[in-house]
Amino acid sequence: MESKGLNPDGTIAREGALDRVTPAFAPVVAAARREIAGRFSDGRLHSAYLYGSIPRGTAVPGVSDLDLLLVLHAEPTARDRTDADAAEAALDGESAAIDGAGILLDGAGTALAEAERYDLGFFISCLCTPLTGEDLAARLPAQYPTSLLARETNGDLALVLPRWQARLRAAVTDTDRRTLCRTAARRLVRSGFTLVMPPWGGWTSDLEASAELFAGHYPQRAAQMRAAAAAARSPTPDEAVIRTLVEELGPWLTAEYTAVHGTKAARPAP
């Protein structure tokens with residue numbers, strides 16, 4: 001059961017921990033603590049979390065990025081975003097170990113809302129590693145690899161696809177295309193995995209493993225999903241590759257996902 005990312009009781013285990021951070025990234029994590037404390041020391045911050053390959057212990061120096069979630073007591077403001085952007089730039093410029101830093105912002109009220117229980121709530125309790133402040137996972141429900149979780153995490157591809165297609169039409173530089181390739185490929189592989197997650201009965205964030213699990217259920221789309229996993233690891237500006245992602249694999253996956261799990265519940269208007 002442990003090999004499927006589950007606790008002994010069948011719930012999804014938290015996938016990262018601070019003691020899994022490798023020595024190459026320990027200074028980056030320490031710098032993140034300092035940046036967060038310095039820029040959000042006025043009572044705005046509720047808690048901060050690491051997520052992604054660094055707390056999983058699989059990060060590659062010079063290749064992996066630093067991913068952070070900051071949960072604020074109130075809903076994020078323009079000032080909060082400006083401070084987070086400055087922290088991203090400082091962290092990226094300070095260390096050659098990372099290829100960029102990204103900071104997500106959310107309010108504690110949103111994180112604990114019923115509507116976010118199987119989306120942001122799942123993200124915090126299972127995919128995020130506490131860095132500072134109260135760990136909200138203690139106030140969130142246990143998670144299981146169910147169709148409900150699949151629907152609420154990735155059942156909104158129909159909303160995302162048109163944005164990707166518009167970005168591809170508007171892209172004018174290789175950087176634009178690489179960024180889109182990385183975003184779309186990662187999301188499609190993760191959606192491909194959660195499509196087959198309930199019958200497999202476990203959780204993984206490993207993109208290669210996700211593509212192979214998908215391939216076992218959908219061999220007719222295996223080559224495209226493996227190509228998506230490769231593009232997620234090494235994004236390309238090749239327009240033909242990106243078109244395959246956003247105009248072929250994406251629409252098929254959207255239709256299949258809706259047929260199997262339904263669509264993500266609508267969120268309240270901001």
Side-chain angles (χ1 to χ4, degrees), residues 1-16 49 51-52 56 67 69 71 104 106-130 135-164 183-184 186-207 209-218 221 225 228-229 232 249-270:
M1 187 173 288
E2 289 182 357
S3 64
K4 289 191 173 184
L6 302 179
N7 295 311
D9 63 356
T11 58
I12 297 173
R14 203 168 212 168
E15 64 176 17
Y49 306 81
Y51 68 95
R56 292 200 301 268
D67 297 308
L69 167 67
V71 177
L104 300 178
D106 274 296
T110 297
L112 295 172
E114 181 71 24
E116 294 293 338
R117 175 166 291 193
Y118 300 102
D119 190 5
L120 180 56
F122 163 73
F123 177 63
I124 292 172
S125 62
C126 295
L127 307 187
C128 285
T129 296
D135 181 8
L136 283 175
R139 298 164 62 184
L140 292 165
Q143 301 281 352
Y144 296 84
T146 63
S147 182
L148 173 61
L149 181 63
R151 186 188 78 208
E152 292 303 299
T153 52
N154 287 296
D156 59 348
L157 278 175
L159 299 178
V160 177
L161 268 178
R163 299 173 199 159
W164 291 345
T183 298
R186 286 189 172 192
R187 176 65 186 273
L188 291 173
V189 175
R190 288 168 179 155
S191 296
F193 164 68
T194 51
L195 174 63
V196 304
M197 172 186 65
W200 181 61
W203 177 267
T204 181
S205 287
D206 184 283
L207 295 175
S210 296
E212 291 308 312
L213 288 165
F214 170 88
H217 288 78
Y218 293 94
R221 293 281 173 172
M225 192 59 76
L249 180 58
W252 174 85
L253 185 57
T254 298
E256 184 68 9
Y257 212 99
T258 300
V260 174
H261 297 303
T263 56
K264 186 173 184 175
R267 295 300 189 261

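Since the model is a prediction, treat every value here as computed from it, not as a measurement. Because only heavy atoms are used, hydrogens play no part in the values below, and waters and symmetry mates are left out as well, while side chains stay in.
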request  = Side-chain contact test, heavy atoms from C-beta onward, threshold under 4.5 Å: evaluate it for Ile12 versus Asn7 and give yes or no.
outcome  = no
task = Please determine, by modelled atom types, if Thr11 and Asp9 share a side-chain donor-acceptor pair under 3.5 angstrom.
result = yes
key: Pro198 side chain near His261 side chain, heavy-atom distance below 4.5 Å   = yes
remark   = Taken to the nearest 0.5 Å, the spacing of Phe123 CZ from Leu69 CG works out to 5.5 Å
request  = Could you pull out all residues at least two apart from Arg163 that satisfy salt bridge (charged side-chain N to carboxylate O under 4.0 Å, His left out)?
outcome  = none
message = Give me the atom names and distance for the closest heavy-atom approach of Gln143 to Tyr118.
response = OE1-CD2, 3.3 Å
ask   = When you measure from the side chain of Asp156 to the backbone N and O of Leu159, does any donor-acceptor pair fall under 3.5 Å?
value = no
query = Heavy-atom distance under 4.5 Å between the side chains of Arg187 and Leu157, does that happen here?
reply = yes
ask   = Okay, side chain of Thr194, backbone of Met197: is any donor-acceptor separation there less than 3.5 Å?
value = no
inquiry  = Within the 4.5 Å heavy-atom criterion, are Asn154 and Phe193 side-chain neighbours or not?
reply    = no
key: Pairing residues for Ser210 by the side chain to side chain donor-acceptor pair (under 3.5 Å) criterion, not counting sequence neighbours   = none
request  = Indicate yes or no: at least one non-hydrogen side-chain atom of Lys264 is less than 4.5 angstrom from one of Asp119.
outcome  = yes
request  = Could you give me the CA-CA distance, side-chain angles and deciding distance for Arg221 and Trp252, then say whether side-chain contact (heavy atoms from CB on, under 4.5 Å) is met?
outcome  = CA-CA 9 Å; Arg221 293 281 173 172; Trp252 174 85; 3.5 Å; yes
task = Could you pull out all residues at least two apart from Arg190 that satisfy side chain to side chain donor-acceptor pair (under 3.5 Å)?
result = none
query = Closest approach of Pro251 and Leu161, non-hydrogen atoms and distance?
reply = N-CD1, 3.5 Å
query = Does Glu152 reach the main-chain N or O of Ala265 with its side chain, forming a donor-acceptor pair under 3.5 Å?
reply = yes
query = Would Leu127 and Phe122 satisfy side-chain contact (heavy atoms from CB on, under 4.5 Å), going step by step from the backbone distance to the final call?
reply = CA-CA 7 Å; Leu127 307 187; Phe122 163 73; 3.9 Å; yes
query = Can you tell if the side chain of Ser191 reaches within under 4.5 Å of the side chain of Glu256, non-hydrogen atoms only?
reply = no
ask   = Between Leu140 and Arg117, is any pair of side-chain heavy atoms under 4.5 Å apart?
value = no
query = So do Tyr49 and Leu104 actually touch side chain to side chain, heavy atoms under 4.5 Å?
reply = no
